[in-house]
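The block underneath contains the structure these notes are about, expressed in structure tokens.
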Number of protein chains: 2
Amino acid sequence: MQAPINPSISVDIVVFGFDGTRLKVLLIERQKLNEKATTEYKLPGSMISEKEDLDTSAHNTLQNLTGLKNIYLEQLYVFSNPNRISSDEDKQWIEHTYGISTNRIVTVSYFSLVKINLSILKTTIQGMAFWCDVQELKHVSFDHKEIILKGLERLKSRMQTTPVAFELLPKKFTIKQLQNLYEAILGIDIDNRNFRKKILKYPYLIQLNEREAKVSHKPAIFYQFDIHAYRQEQRKLKKLKIF
Amino acid sequence: MQAPINPSISVDIVVFGFDGTRLKVLLIERQKLNEKATTEYKLPGSMISEKEDLDTSAHNTLQNLTGLKNIYLEQLYVFSNPNRISSDEDKQWIEHTYGISTNRIVTVSYFSLVKINLSILKTTIQGMAFWCDVQELKHVSFDHKEIILKGLERLKSRMQTTPVAFELLPKKFTIKQLQNLYEAILGIDIDNRNFRKKILKYPYLIQLNEREAKVSHKPAIFYQFDIHAYRQEQRKLKKLKIF
DNA sequence: CCAAAAGTGTTCAGGATACACCCATGA
DNA sequence: TCATGGGTGTATCCTGAACACTTTTGG
């Protein structure tokens, strides 16, 4: 852990969460360098150590921030514009934080999905982090807004081809919650009957013996996602698509 | 162009081509450090300059190698294992080639598709490059075999969702050539009638007034891919998929 | 006229879409 | 008993899969 820092490479993570209605991204409050500056926010991340794999660096950052170990994480994209760190504030903040004066950092961004629950809320608030509505990004430093938009694209595409939606929902969820998630992120309306038909066909969605409580309408049934059943299913079906 | 080299970051490119029957990848002969060593091969690529965007670096490498400017290129994956350059030969080769002695290089790999034709064959042969059958990789240095496999996965997936196949075929091609390409890369058999039906429905495949010449069977008609018609089509159709 | 590969149509099953009402609960 | 959101079925269309013979050319 005491290996020197590599002054050229950083890791930044786009962590998405869903509060039931809106898509959120986790931002860190960037320490002000002087009192009168407005508060700026950045993605969680850090420079990497010379002995460290990038995936490991991303995992560690996430674990420190959320207290969680097994979080969905994948490489997103490399941002390498030689001028991506251009403002004086940015340079000063880097020098102040890492003790290096460089004007060229290549960042490898990661894409992560977590369930927003009480436990994670407690930990993230302690870490000067906050869940920002993806539609209302402002005061985001560096090129981190661009990175978040890249992450959003990835999320939209992944949601349609793999079951990552369940990373954003509680373990037990209703079909309506799942539909709301798809509608919110993809920005579309989905017919409820057709959605249920499609979803409930899948053998890896398990109906539980539990319902919503204390709601003043017909209580919804909870379901659970069975990843093993999903993987087994995948091994069989591989149908050809030609764009 | 005289900016210093960044000693931590390299770019490596997986360039795929199709010879009509087999999928090929472009490898560079790595200069031997002593006479009795066996010849080793590596991916085209280089360390990056401090003033250079990674995409630019990849483009330049490709242009030097193929003489071509507008080549299909996208980021593939970052390989960052701290021990990915472990053998003494690897380290010596790097020191000899770039004049830097480092034991940690992070490489950003790229994925590229080209049409193998006479012009490109001439240029690549001059550059100590050769087109290696993807099924018969051997004497590949560093972790470049792993990178190639990652590229192959990307190719399979891209071919099924976007029209990258046409990057690998000549401008004028027959439907059978297209089918052969899909069969070779995906490793499957495709029903010829269903394939034609599917493909020829697309308004962006344009039938030409030309046929094969001098073949001792019914000559096939040539087609061309119209990227503008494709893009126009895409703007309309965006249908929901749920994995 | 023969060999070799190109090109062609139909049937059937399963998936996607459109659409409107009844059900269970708490207040 | 009413307001609220959960849950259900059918008809139609479209797409994907299976399958065998005729056509055109050069030799």
Side-chain angles (χ1 to χ4, degrees), chain A residues 19-21 159-161 163 169-170 172-184 186 188-224 233-234 236-243, chain B residues 20-21 159-161 163 169-170 172-184 186-224 233-234 236-243:
Chain A
D19 71 359
T21 314
M159 277 186 71
Q160 303 197 41
T161 50
L169 291 176
K172 301 170 181 181
F173 53 86
T174 68
I175 301 299
K176 196 62 201 295
Q177 282 179 297
L178 183 61
Q179 182 181 338
N180 286 342
L181 179 61
Y182 272 91
E183 290 182 330
L186 300 178
I188 55 175
D189 288 331
I190 304 176
D191 179 277
N192 175 254
R193 274 173 295 189
N194 292 335
F195 185 76
R196 300 183 92 84
K197 231 184 309 173
K198 188 175 182 74
I199 290 293
L200 294 174
K201 232 183 17 234
Y202 296 141
Y204 39 83
L205 266 182
I206 297 169
Q207 180 173 334
L208 301 179
N209 257 334
E210 276 180 79
R211 299 160 169 275
E212 286 178 308
K214 299 177 194 165
V215 289
S216 75
H217 55 76
K218 182 169 176 178
I221 299 174
F222 284 116
Y223 291 80
Q224 212 170 353
E233 194 71 2
Q234 286 312 95
K236 300 176 209 165
L237 325 160
K238 278 192 191 168
K239 71 171 168 183
L240 172 67
K241 280 182 202 130
I242 301 174
F243 55 102
Chain B
T21 315
M159 276 186 72
Q160 303 198 40
T161 50
L169 290 177
K172 300 171 182 182
F173 52 86
T174 68
I175 302 298
K176 195 63 200 295
Q177 282 179 295
L178 184 60
Q179 182 180 340
N180 287 342
L181 179 61
Y182 272 91
E183 290 182 328
L186 300 179
I188 55 175
D189 287 333
I190 303 175
D191 179 277
N192 175 254
R193 274 173 295 186
N194 292 336
F195 185 77
R196 300 182 92 84
K197 230 184 308 171
K198 187 176 182 72
I199 289 293
L200 293 175
K201 234 187 10 240
Y202 296 142
Y204 40 83
L205 267 182
I206 297 168
Q207 179 174 333
L208 301 178
N209 258 333
E210 277 181 78
R211 301 160 168 274
E212 287 178 309
K214 298 178 193 163
V215 289
S216 75
H217 57 77
K218 183 170 175 177
I221 299 174
F222 284 116
Y223 291 80
Q224 211 170 353
E233 196 70 2
Q234 284 313 93
K236 300 177 210 167
L237 325 160
K238 277 192 192 165
K239 72 171 164 183
L240 172 67
K241 280 182 202 131
I242 302 174
F243 54 102

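Order of the sequence lines fixes the chain letters, A, B, ..., with proteins taken first and strands second; residue numbering starts at 1 for each chain. Treat the numbers as computed from the prediction; the structure is a model and nothing was measured.
Among the nucleotides D:dT24, D:dG6, D:dG7, the one closest to the side chain of A:H217 is D:dG6.
Place A:S216 and B:S216 on DNA chain C by their nearest nucleotides, and B:S216 ends up nearer the 5' end. The residue among B:K239 and B:K218 whose nearest nucleotide of DNA chain C lies closer to the 5′ end is B:K218.
In terms of heavy atoms, A:L208 sits closest to A:I221 at O-CG2, 3.8 Å. Across all non-hydrogen atoms, the minimal contact from A:T21 to A:A184 is O-CB, 3.7 Å. Nearest heavy atoms, B:K218 versus B:E212: O-OE1, 4.4 Å. Across all non-hydrogen atoms, the minimal contact from B:Y182 to B:M159 is OH-O, 2.9 Å.
Around the NZ atom of B:K241, the shell of radius 6.0 Å holds no more than 12 heavy atoms that belong to other residues, nucleotides or ligands.
To the nearest angstrom, C1' of D:dG5 lies 15 Å from CD1 of A:I175. Atom CG of A:N180 and atom P of D:dG5 are 11 Å apart (whole Å). Per the geometry, NZ belonging to B:K198 stands 8 Å off C1' belonging to D:dT15, to the nearest Å. As rounded to whole Å, 13 Å separates atom C1' of D:dG16 from atom CD1 of B:I188. Atom pair A:Q207:CD and D:dG6:C1' shows a separation of 13 Å (rounding to whole Å applied). Rounded to an integer number of Å, the gap from A:I242 CD1 to D:dG16 P is 9 Å. Following rounding to the nearest Å, B:I190 (CD1) and D:dA18 (P) show an atom-to-atom distance of 12 Å. Summarising the geometry, the separation between CZ on A:F195 and C1' on D:dG6 is reported as 14 Å, rounded to the nearest angstrom.
A donor-acceptor pair under 3.5 Å is absent between the side-chain atoms of A:Y223 and the main chain of A:L200, judged by distance alone. Under the 3.5 Å distance criterion, the side-chain polar atoms of B:Q179 are matched with a main-chain donor or acceptor of B:I190.
Atom CZ of residue A:F195 and atom CG of residue B:L240 lie 8.5 Å apart, to the nearest 0.5 angstrom.
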Distances under 3.5 Å between nitrogen or oxygen atoms of protein and nucleotides 8-13 of chain D:
residue, atom, partner, partner atom, Å
D:dT10, O4, A:K197, NZ, 2.8

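A:I221 comes within 4.0 angstrom of sugar-phosphate atoms only, judged by non-hydrogen atoms across all strands, and of no base.
On the nucleic acid side, DNA chain C has its first and last nucleotide under 4.0 Å of a heavy atom of chain A at C:dA16 to C:dG26, going 5' to 3'.
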| query | Stepwise, does the side chain to side chain contact (heavy atoms under 4.5 Å, CB included) test hold for A:R196 with A:N192? | reply | CA-CA 6 Å; A:R196 300 183 92 84; A:N192 175 254; 3.6 Å; yes
